[in-house]
Amino acid sequence: MGLFITFEGLEGCGKSTQARLLYERLQARDYPVILTREPGGTRIGELIRRILVDLQHTEMAATTETLLFSAARAQLVNELIQPYLNTGGIVLCDRYADSTYAYQGYGLGHDLDQLYAIIKVATGGLMPDLTIYLDLTPEEGLERKQRARSGHAANDIEQRRKAGIIPTSVGLPPFSAPSVSSGAEWNRLDARDLVYHHRVAAGFHELIQREPERWRVLDARLPIDQVMQEVEAAVEPLLAGVTQLKDGR
Ligand SMILES: Nc1ncnc2c1ncn2[C@@H]1O[C@H](COP(=O)(O)OP(=O)(O)O)[C@@H](O)[C@H]1O
Ligand SMILES: [Mg+2]
């Protein structure tokens with residue numbers, strides 16, 4: 001029941017941007033849709049997120065990190081994702097279990113079979129119907145992220161919205177989730193070296209090869225609205241199974 005779509009890729013590749021845009025497009029078409037993010041998305045999950053991203057937490061063990069991500073995910077699946085899917089709605093999630101395989105597995109060297117078991121406990125086995133991978137090199141991603149952080153980057157979405165290229169969302173979401181922040185934060189996980197981010201990228205590509213039918217790989221270097229069109233094209237065939245809200249809530 002419902003439709004579960006996740007966005008994956010390295011920091012700065014445009015996940016939050018594209019997840020937000022898809023959310024707004026679906027909402028404008030009266031689809032029942034919520035947007036959430038990992039780690040976080042719930043009150044408890046956002047508290048766990050703060051522990052995970054804190055630059056001062058240099059002593060955090062890899063296992064602690066994995067279990068905290070999983071704890072946040074368990075709360076998100078139980079409190080928000082699964083109940084909303086059960087109503088037949090669309091859930092968009094900015095990162096999900098694949099990030100654990102890529103970052104804690106391929107990146108930090110945590111055993112993949114163990115991760116599989118932990119993820120299964122945390123999610124009850126729930127996996128996305130579609131995962132959009134926004135493909136960008138670690139160098140390009142970190143550069144975008146740093147540019148956004150130092151405030152040189154124009155806020156593309158806001159400018160486009162003001163220019164009328166991107167419509168603002170219509171009405172209220174049928175279910176309110178905590179909002180997703182901009183990509184301007186710089187955190188403990190971004191601060192790791194480039195070699196690590198290259199291992200993560202290679203890990204994502206291995207995950208894609210293992211399950212090519214679930215993933216859609218898009219070139220994240222294209223302009224935002226071009227990527228957006230490709231995201232929509234990937235999602236469109238799956239919308240047939242979702243009932244639109246009749247009263248246009
Ligand atoms: N296709 C794109 N081309 C150029 N800049 C982009 C594109 N997509 C996103 N950006 C910019 O890159 C930065 C990171 O985007 P964001 O969506 O926060 O990435 P992520 O959530 O994957 O870390 C933001 O400043 C955003 O405006
Ligand atoms: Mg983001």
Side-chain angles (χ1 to χ4, degrees), residues 5-25 34-41 45-46 48-50 52-53 55 69 72-73 76 91-100 102-103 107 128 130-163 165-166 168-169 177-192 194 196-198 200-201 203-205 207-208 215-234:
I5 300 170
T6 57
F7 290 80
E8 297 283 1
L10 302 173
E11 274 314 293
C13 70
K15 296 177 299 297
S16 301
T17 302
Q18 294 299 330
R20 162 72 49 191
L21 288 172
L22 180 62
Y23 172 70
E24 292 177 355
R25 302 284 276 215
I34 56 170
L35 169 62
T36 186
R37 71 166 179 183
E38 275 214 10
E46 292 292 332
I48 295 171
R49 181 187 184 95
R50 268 196 245 166
L52 278 166
V53 302
L55 283 165
F69 273 110
R73 181 170 305 135
L76 185 63
V91 176
L92 309 181
C93 196
D94 188 344
R95 292 197 182 283
Y96 188 63
D98 296 304
S99 280
T100 294
Y103 286 84
L130 171 69
T131 301
I132 307 272
Y133 185 73
L134 299 169
D135 203 11
L136 199 68
T137 65
E139 288 83 357
E140 288 167 319
L142 291 176
E143 198 203 303
R144 269 193 198 169
K145 200 73 188 186
Q146 274 167 335
R147 227 186 306 139
R149 187 172 149 243
S150 58
H152 294 312
N155 187 332
D156 292 322
I157 294 187
E158 272 318 307
Q159 284 199 347
R160 278 152 195 264
R161 200 169 271 142
K162 277 179 197 146
I165 298 166
I166 297 166
T168 45
S169 56
S179 67
V180 178
S181 73
S182 79
E185 68 179 11
W186 182 255
N187 64 47
R188 192 180 62 86
L189 303 167
D190 297 329
R192 289 179 172 150
L194 263 180
Y196 166 79
H197 290 281
H198 274 282
V200 171
F204 270 123
H205 284 283
L207 292 170
I208 293 161
W215 294 78
R216 191 64 173 267
V217 180
L218 302 181
D219 184 352
R221 291 167 307 180
L222 295 172
I224 288 176
D225 35 2
Q226 226 166 306
V227 179
M228 180 184 75
Q229 281 169 23
E230 296 206 16
V231 169
E232 284 194 296

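We count ligands from 1, going down the list as the structure has it; atoms in each ligand are counted the same way.
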Give the atoms of ligand 1, by number and element, whose distance to some non-hydrogen atom of [X] is under 4.0 Å.
{"X": "Ala220", "value": "1 (N)"}
{"X": "Pro223", "value": "1 (N)"}
{"X": "Leu10", "value": "22 (O)"}
{"X": "Thr17", "value": "9 (C), 15 (O), 16 (P), 17 (O), 26 (C)"}
{"X": "Ala148", "value": "25 (O)"}

Working to the nearest 0.5 Å, report the span between CG of Leu10 and OH of Tyr103.
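The OH atom of Tyr103 is 5.0 Å from CG of Leu10, to the nearest 0.5 Å.
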Is the shortest distance from a heavy atom of Gly9 to ligand 1 less than 4.0 Å?
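Per 4.0 Å heavy-atom rule, Gly9 does not contact ligand 1.
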Among Gln18, Arg25, Gln226, which residue satisfies the side-chain contact (heavy atoms from CB on, under 4.5 Å) criterion with Val231?
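Single pass found, and it is Gln18.
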Single hit among Leu130, Thr131, Leu22, Leu35 for side-chain contact (heavy atoms from CB on, under 4.5 Å) with Phe7:
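Running side-chain contact (heavy atoms from CB on, under 4.5 Å) over Leu130, Thr131, Leu22, Leu35 with Phe7 returns exactly one hit, Leu22.
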With respect to [X], determine whether any N or O atom, backbone or side chain, lies less than 3.5 Å from an N or O atom of ligand 1.
{"X": "Glu11", "result": "yes"}
{"X": "Ser16", "result": "yes"}
{"X": "Leu222", "result": "yes"}
{"X": "Gly14", "result": "yes"}

Are the side chains of [X] and [Y] in touch, meaning some heavy atoms are under 4.5 Å apart?
{"X": "Glu38", "Y": "Cys93", "result": "yes"}
{"X": "Leu52", "Y": "Pro39", "result": "yes"}
{"X": "Arg73", "Y": "Thr100", "result": "yes"}

Any donor-acceptor N/O pair, Glu11 side chain to Gly141 backbone, under 3.5 Å:
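No.
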For atom 10 (N) of ligand 1, which of the options Arg144, Glu143, Met228 provides the nearest non-hydrogen atom?
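Result: the heavy atom closest to atom 10 (N) of ligand 1 is in Arg144.
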Any N/O/S atom of Thr17 sitting less than 2.8 Å from the Mg ion (ligand 2), backbone or side chain?
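Of the N, O and S atoms in Thr17, none lies under 2.8 Å from the Mg ion (ligand 2), which means no.
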Cationic N near anionic O, under 4.0 Å, Glu143 to Arg147:
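Salt bridge: yes.
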